[in-house]
Amino acid sequence: MTALPQSISSFTPSKIESDRRVLELLSQNFGNISAAATEIINLEAILNLPKGTEHFIADVHGEAQAFRHILKNASGNIKRKVNEIFSTSLREDDIRQLCSLIYYPERKLALIRTSEKDLDNFYQITLHQLIKVLQAVSSKYSRSKVRKSLPKEFAYIIEELLHESPSEENKQPYYNRIIESIISTGQAEEFISAISHVIQHLSIDQLHLLGDIYDRGDGAHIVLDSLMAYNDFDIQWGNHDVLWMGAASGNECCIANVLRISLRYGNMTTLEDGYGINLVPLATFAMETYGDDSCDIFMPKDASEEEPLSDKNRRLIAKMHKAITIIQFKLEGQMISRHPEWKMDDRRLLHHIDKEAGTVEIDGKAYPLTDSNFPTVNPAAPYTLSDEEKLLMDKIIHSFTVSDKLKAHIGIFYSHGSLYAVHNSNLLFHASMPLNEDGTLKEVPVNGQLYKGKELLQQIELLMRSAINSDTPEEERKDAIDYYLYAWCGPDSPLFDKSKMATFERYLIADKATHHEEKGCYYHLRNDEKVCDMILDAFSVEGEHRHIINGHVPVKAGDGENPVKANGKLMVIDGGFSKAYHTTTGIAGYTLVYHSRGFELVQHEPFTSADEAVRNGTDIISINRLVELNSHRVRVRDTDRGKELLGQIEELRELLYAYRHGFIKERK
């Protein structure tokens with residue numbers, strides 16, 4: 001009799017009895033020795049496959065077209081694969097057109113139908129090419145995983161083509177006949193589309209979004225629609241995301257901020273078209289209250305260069321912008337007053353305004369205001385909303401809290417998101433880790449108790465999640481909803497971590513010295529390898545190659561700033577997806593790619609449009625930079641998933657022992 005592996009021979013009757021409940025549950029799926037042994041063989045084989053490719057993206061800020069294109073081209077990885085396969089057999093233009101077809105199959109096929117004379121020949125050539133590409137991108141996965149990615153209607157046929165070679169003499173007629181039958185039955189275009197989408201899906205094994213999906217760009221709702229159709233992704237909450245999460249929970253300060261930022265960038269698309277937020281009451285109120293006011297300093301930035309705002313719309317938006325900004329200052333003053341523990345009283349500035357002098361006093365100094373026409377601000381009660389403002393906010397809050405689409409999208413942040421995550425020795429969080437000046441972890445109060453590091457982030461997340469839980473006591477729930485404002489702009493919030501958010505000063509004071517927001521110690525110390533190691537230790541991140549990955553602060557790549565810091569221990573991957581940041585960063589975003597051979601940082605140039613990509617085969621121009629090369633190819637065994645599989649194998653080996661020794665009976 002063959003000797004049992006050491007792990008099986010070490011099992012004891014007492015261990016089997018203590019684990020019996022788990023083993024009984026396991027036996028429901030693997031009911032006999034043969035089934036358990038087969039699964040062990042399968043899992044052992046998976047452990048030796050190369051790790052899947054992870055993509056890390058930060059600060060998308062509503063740039064839906066660029067984001068969706070990067071998902072479709074896998075940050076340039078698909079074109080690299082196509083080049084590897086066809087560089088000696090296809091011209092550069094043919095490669096571009098094939099890639100364009102993979103990215104946008106339905107739209108590209110519609111264009112091809114109008115220009116291609118011999119469609120059957122095109123279909124035949126293209127199907128052969130796509131199968132080759134699919135074979136390349138699926139080679140690092142098990143057949144089971146690939147099978148699960150295939151559309152049901154074509155799964156069997158794709159699998160047959162995928163695992164047969166047209167050059168093998170015995171199977172060549174079989175292979176060719178499948179292709180011919182696909183064409184003759186009129187299924188060629190559906191089949192091409194199906195294979196293209198599978199190529200896209202398998203080219204990215206796991207997508208990590210390091211926060212700030214919302215604001216500035218006009219397509220955050222489209223980004224989230226894309227994610228709802230995506231399988232393997234996670235989100236680390238960004239400050240702009242928690243602002244919208246707070247707005248969806250009914251936090252009136254967050255709602256006012258969301259409206260103000262949208263109006264500032266001349267972008268109402270996400271609010272109106274995406275979520276059905278009714279802005280007519282705000283427009284009506286603004287015209288009645290500020291009809292004779294030019295509101296010059298509240299003029300919006302155009303969200304679209306292709307479709308600039310008309311002068312009439314700009315003037316209306318400026319009045320709406322001013323109206324909600326003043327309401328925001330009032331509401332924030334009320335909420336900060338309710339929470340003295342936040343220590344944000346310096347943000348309550350309305351009662352320091354001298355309307356007659358047209359000044360505001362800050363830290364004992366009077367500054368001239370750039371605008372002092374505040375007809376709704378009562379000097380005797382500056383933070384009290386007027387009756388008209390109260391009525392307006394009631395309507396707006398109702399509009400936010402009844403939007404089903406907004407609820408569904410915000411639900412993604414709770415179901416797929418968190419303040420931080422650890423994946424394969426990488427610690428992911430959006431912005432900052434509160435630190436003291438000496439580089440030690442800073443203690444920050446949450447619900448009256450002090451926390452730091454990992455425990456701080458855990459407690460903040462528990463507090464924020466309690467805002468949406470029906471079993472949270474009402475008073476606690478109100479405080480939790482309020483906390484979203486602190487998470488957005490509180491001095492010790494890990495999503496902000498600055499001395500103040502100088503919104504009032506930037507709008508209403510010309511002296512730029514008042515605009516300064518002193519960054520927390522993390523932003524100054526994160527280039528220190530020892531500090532990064534201390535943080536990684538605090539989060540129990542292990543591994544020879546371990547990193548912190550952040551977004552939040554745009555990297556000025558155009559000025560030579562290096563996104564890789566602390567001797568490779570930390571990477572900041574906010575490269576400015578948002579058009580508003582292109583002049584600051586000099587580029588249009590990063591994707592950090594972690595594959596089986598190491599890390600690559602993909603630097604993107606601005607995206608033109610999907611239409612241009614379909615018509616002319618254009619793509620995002622990307623520059624790949626090797627960040628870290630592993631000494632050996634990373635296998636699934638070396639990953640978090642590998643640890644899970646090893647645990648499952650151990651449980652299955654114990655089940656085998658239980659079957660063989662009669663502790664658990666086999667099923668038929």
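Hydrogens, waters and symmetry mates play no part in the numbers below; they use all other heavy atoms, side chains included.
- Side-chain contact between Leu210 and Ile549: present, with at least one pair of heavy atoms (C-beta onward) separated by less than 4.5 Å.
- The nearest pair of heavy atoms linking Thr270 to Ala220 is OG1-N, 3.7 Å.
- Rounded to the nearest 0.5 angstrom, Tyr483 OH and Ser466 OG are separated by 11.0 Å.
- Checking side-chain atoms of Ser139 against main-chain N and O of Ala136 turns up a donor-acceptor pair under 3.5 Å.
- For Glu612, the side chain to side chain contact (heavy atoms under 4.5 Å, CB included) partners two or more places apart in sequence, or in a different chain, are Thr608, Ser609, Arg615, Asn616, Thr618.
- No more than 12 heavy atoms of other residues, nucleotides or ligands lie within 6.0 Å of CZ in Arg143, so this atom counts as exposed by the packing criterion.
- Here Lys145 pairs with Asp205 under the salt bridge (Lys or Arg N to Asp or Glu O under 4.0 Å) rule; sequence neighbours left out.
- Judged by distance alone, the side chains of Glu189 and Tyr123 do bring a donor and an acceptor atom under 3.5 Å apart.
- Here OG of Ser138 is found 9.0 Å from CD1 of Ile199. Values are rounded to the nearest 0.5 Å.
- Note: Leu25 CG to Asp19 CG = 11.5 Å, rounded to the nearest 0.5 Å.
- Across all non-hydrogen atoms, the minimal contact from Gly417 to Arg465 is O-NH2, 2.8 Å.
- Taking the six-membered ring wherever Trp is involved, the centroid distance between the rings of Tyr175 and His128 falls below 6.0 Å.
- Side chain of Gln236 to main chain of Tyr420: no donor-acceptor pair is present (N/O by atom type, distance under 3.5 Å, no hydrogens or angles).
- In terms of modelled atom types and a separation under 3.5 Å, the side chain of Ser403 and the main chain of Tyr275 share a donor-acceptor contact.
- In this structure, Asn29 contributes its side chain and Leu26 its backbone to no donor-acceptor pair below 3.5 Å.
- For His201, there are no ring pair (Phe, Tyr, Trp, His ring centres under 6.0 Å) partners at least two apart in sequence or on another chain.
- Here salt bridge (Lys or Arg N to Asp or Glu O under 4.0 Å) pairs that include residues 70-83, with residues two or more places apart or in two chains, are Lys79-Glu92, Arg80-Glu84.
- Take Pro494 and apply the side chain to side chain contact (heavy atoms under 4.5 Å, CB included) test, not counting sequence neighbours, and it matches Pro434, Leu457, Ile460.
- Taking the six-membered ring for Trp and the full ring otherwise, His208 and Phe56 have centroids separated by under 6.0 Å.
- Atom CG of Leu645 is separated from atom CD1 of Ile40 by 12.5 Å, given to the nearest 0.5 angstrom.
- Listed by chain and residue number, Lys569 satisfy the salt bridge (Lys or Arg N to Asp or Glu O under 4.0 Å) test with Glu529 (two or more places apart in sequence, or in another chain).
- Asp497 pairs by the side-chain hydrogen bond (donor to acceptor under 3.5 Å, both in side chains) definition with Ser432, not counting sequence neighbours.
- With sequence neighbours left out, Tyr522 forms a ring pair (Phe, Tyr, Trp, His ring centres under 6.0 Å) with Phe429.
- Figure legend: Lys148 and Tyr141 shown without cation-pi pairing, the cationic atom not lying both under 6.0 angstrom from the six-membered ring centre and within 45 degrees of its axis.
- Contacts of Arg597 classified as salt bridge (Lys or Arg N to Asp or Glu O under 4.0 Å), with partners at least two apart in sequence or in another chain: none.
- Partner of Thr591 under the side-chain hydrogen bond (donor to acceptor under 3.5 Å, both in side chains) criterion, chosen from Glu600, His604, Gln603: His604.
- Scanning both residues, Phe496 and His552, for their nearest heavy atoms gives O-NE2, 4.3 Å.
- Of all the heavy atoms in Gly568 and His547, the pair that sits closest is O-CD2, 3.1 Å.
- Checked by atom type and distance alone, the side chain of Glu461 pairs as donor or acceptor with a backbone atom of Leu419 at under 3.5 Å.
- Checking side-chain atoms of Trp237 against main-chain N and O of Phe413 turns up a donor-acceptor pair under 3.5 Å.
- Checked against side chain to side chain contact (heavy atoms under 4.5 Å, CB included), Glu190 has the following partners two or more places apart in sequence or in another chain: Phe154, Gln187.
- In this structure, Asn426 contributes its side chain and Asn424 its backbone to a donor-acceptor pair below 3.5 Å.
- Between atom CG of residue Leu271 and atom CG of residue Asp218 there is a gap of 11.5 Å, rounded to the nearest 0.5 Å.
- The 12-atom threshold is exceeded at OH of Tyr230, counting heavy atoms of other residues, nucleotides or ligands nearer than 6.0 Å.
- Using a distance-only test at 3.5 Å, with no hydrogens or angles considered, no donor-acceptor pair links the side chain of Asp215 to the main chain of Val258.
- Taking the ring centroids of His545 and Phe599, they lie at or beyond the 6.0 Å cut-off.
- Not counting sequence neighbours, the partners of Ile412 by the side chain to side chain contact (heavy atoms under 4.5 Å, CB included) test are Leu224, Met228, Phe233, Ile235, His409, His416.
- Contact record, Tyr214 with His240: O-CB, 3.8 Å, taken as the closest heavy-atom pair.
- Within 6.0 Å of atom CD in Glu542, 12 or fewer heavy atoms from other residues, nucleotides or ligands are found, so the atom counts as exposed in its surroundings.
- Scanning for salt bridge (Lys or Arg N to Asp or Glu O under 4.0 Å) contacts around Asp537 gives Arg546, with sequence neighbours left out.
- Environment of NZ in Lys643: sparse, with no more than 12 heavy atoms of neighbouring residues, nucleotides or ligands closer than 6.0 Å.
- The pair Asp225-Arg68 does not meet the salt-bridge criterion, since no charged nitrogen lies less than 4.0 angstrom from a carboxylate oxygen.
- Ion pairing of Arg21 with Glu24 is absent here, as no side-chain N (NZ or NE/NH1/NH2) approaches a carboxylate O to less than 4.0 Å.
- Residue Ser249 comes nearest to Ile481 through the heavy atom pair OG-CG2, 3.6 Å, listed as atom of the first residue, atom of the second, then distance.
- One N or O on the side chain of Asn267 and one on the backbone of Thr269 form a donor-acceptor pair closer than 3.5 Å.
- Formation of a donor-acceptor pair under 3.5 Å by the Asp241 side chain with backbone atoms of Gly211 is not found in this model.
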